Amino acid sequence: MVRKIILSIVVCISFMSWGTAKAGSNAVDSLKFGYFNSTEILNLMPAKVSAKKAIEELNQKYKDELVLMQNDYARKYSDFMDNQNSMSENIKLRRMQELHELEQNITKFMKVAQEDIESQEQQQIIPLKEKLKAAVQAIGLEKNFICIYDLANESVAFITPNAVDISSYLKKHLNIK
């Protein structure tokens, strides 16, 4: 990513040098740099709101199932603790093994649930990022920007005072109010 930014800066400087040599200082003034914050724009997209709601619902289903599993474990553990003195050694070992398996199942379930939630988030966000990328490219071409930076990318260390915040263009292009 850092290589891309350095390359874009070199290209922009080359354009400025070429433009100055070719047309004087007016060419540098006509070069347009833009910026936006992809995190902010993505969070405003209506599809992101519905995706977030779907992920929250999935998360709640997993939490509800986890509560059932933990309650079952707690009930069986309590029963074991209350009755272990009256159990034969074989029954006691079998119950201990069953409790151990329940613990493993709960741990495995939590891992699978987390992976599924992360996967669902990615599946929901990829089309939104692609739509945003297409909108940035369309605006860049339409408004004649030389470079557009995403402020959500922490490697951007400097923004020229001449840069234009294209968030309003993106919101209009994506029909966000």
Side-chain angles (χ1 to χ4, degrees), residues 1-8 34-140 148-159 165-177:
M1 191 63 179
V2 172
R3 293 173 79 191
K4 286 182 180 180
I5 291 174
I6 291 172
L7 180 61
S8 70
Y35 66 91
F36 71 105
N37 186 320
S38 62
T39 302
E40 177 185 306
I41 299 296
L42 282 170
N43 287 333
L44 293 173
M45 294 174 76
K48 170 75 177 199
V49 174
S50 63
K52 183 178 178 182
K53 184 178 177 185
I55 295 300
E56 288 172 355
E57 289 172 358
L58 177 64
N59 192 31
Q60 188 58 50
K61 288 178 184 177
Y62 277 121
K63 282 181 181 180
D64 293 345
E65 184 64 23
L66 182 61
V67 166
L68 290 174
M69 292 174 78
Q70 289 172 331
N71 288 342
D72 184 43
Y73 176 82
R75 183 181 48 78
K76 288 183 179 186
Y77 180 79
S78 177
D79 182 55
F80 174 76
M81 293 304 288
D82 290 343
N83 298 314
Q84 70 177 333
N85 293 335
S86 64
M87 293 180 188
S88 71
E89 195 61 32
N90 285 336
I91 293 174
K92 189 185 294 186
L93 289 174
R94 188 172 108 359
R95 296 273 177 96
M96 288 172 62
Q97 178 64 31
E98 182 180 353
L99 288 170
H100 180 70
E101 288 172 4
L102 286 173
E103 289 172 2
Q104 288 178 329
N105 288 342
I106 289 171
T107 301
K108 184 177 178 181
F109 176 79
M110 289 170 51
K111 182 181 178 199
V112 168
Q114 184 63 35
E115 289 172 355
D116 186 37
I117 290 169
E118 289 172 4
S119 172
Q120 292 295 324
E121 286 175 334
Q122 286 301 312
Q123 288 177 6
Q124 302 253 350
I125 198 76
I126 287 172
L128 298 177
K129 285 183 176 181
E130 289 172 357
K131 186 175 182 179
L132 179 59
K133 181 179 178 181
V136 169
Q137 290 175 350
I139 290 167
I148 298 174
Y149 294 99
D150 180 358
L151 298 180
N153 182 348
E154 294 182 14
S155 63
V156 175
F158 173 76
I159 298 173
D165 182 352
I166 67 161
S167 297
S168 61
Y169 300 133
L170 284 171
K171 289 175 187 175
K172 183 177 179 181
H173 188 85
L174 295 168
N175 297 321
I176 299 172
K177 295 182 181 191

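Here the structure is a predicted model, which means the values were calculated and not measured.
Listed for the N83 side chain is a donor-acceptor partner under 3.5 Å among the backbone atoms of D79. When atom types are taken as modelled, the side chain of S119 and the backbone of E115 share no donor-acceptor pair closer than 3.5 angstrom.
No side-chain heavy atom of K177 sits less than 4.5 Å from a side-chain heavy atom of K172. For the pair Q97 and E101, the minimum side-chain heavy-atom distance is below 4.5 Å. Looking at Q124 and K48, their side chains never come closer than 4.5 Å, going by heavy atoms from C-beta outward. Here the side chains of Q114 and E118 are in contact, with some heavy-atom distance below 4.5 Å. A heavy-atom distance below 4.5 Å is not found between the side chains of Y35 and I166.
For the ring-ring contact (aromatic ring centres under 6.0 Å, His included) condition, the pairs that include at least one residue of residues 82-113, sequence neighbours left out, are Y62-F109.
Q123 contributes atom CD, which lies 8.5 Å from atom CD1 of I55 (distance to the nearest 0.5 angstrom). Between K171 atom NZ and F36 atom CZ the span is 12.5 Å, to the nearest 0.5 Å. To the nearest 0.5 angstrom, E130 atom CD is 11.0 Å from I125 atom CD1. Rounded to the nearest 0.5 angstrom, K63 NZ and N59 CG are separated by 5.0 Å. Put simply, CE on M87 and CZ on F80 are 6.0 Å apart, with the number rounded to the nearest 0.5 Å. Distance check: Q137 CD to L132 CG gives 10.0 Å after rounding to the nearest 0.5 Å.
Every residue two or more places apart in sequence or in another chain that forms a side-chain contact (heavy atoms from CB on, under 4.5 Å) with Q70 is listed here: L66, I106.
Here the options are L68, L99, N105, the test is side chain to side chain contact (heavy atoms under 4.5 Å, CB included), and the partner is Y73; only L99 passes.
Residues N43 and V49 approach most closely at O-CG2, 4.3 Å, considering heavy atoms. When every heavy atom of G140 is checked against every heavy atom of I148, the shortest pair comes out as CA-CD1, 3.7 Å. Residues T39 and N37 come closest through the heavy atom pair N-OD1, 3.0 Å.
A donor-acceptor pair shorter than 3.5 Å cannot be found between the side chains of E56 and Q60. Of the N and O atoms on the side chains of S167 and D165, at least one donor lies less than 3.5 Å from an acceptor on the other residue.
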Determine whether K52 and E57 satisfy the following criterion, side-chain contact (heavy atoms from CB on, under 4.5 Å), listing intermediate values before the conclusion. CA-CA 9 Å; K52 183 178 178 182; E57 289 172 358; over 6 Å; no
side-chain contact (heavy atoms from CB on, under 4.5 Å) between K131 and M45, intermediate numbers included: CA-CA 10 Å; K131 186 175 182 179; M45 294 174 76; 3.9 Å; yes
Check step by step if side-chain contact (heavy atoms from CB on, under 4.5 Å) holds for M69 and L102. CA-CA 8 Å; M69 292 174 78; L102 286 173; over 6 Å; no
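Between E65 and K61 there is no salt bridge, since none of the side-chain N atoms of the basic residue sits less than 4.0 Å from a carboxylate O of the acidic one. Under 4.0 Å is where a charged nitrogen must lie from a carboxylate oxygen, and between R75 and D72 at least one such pair does.
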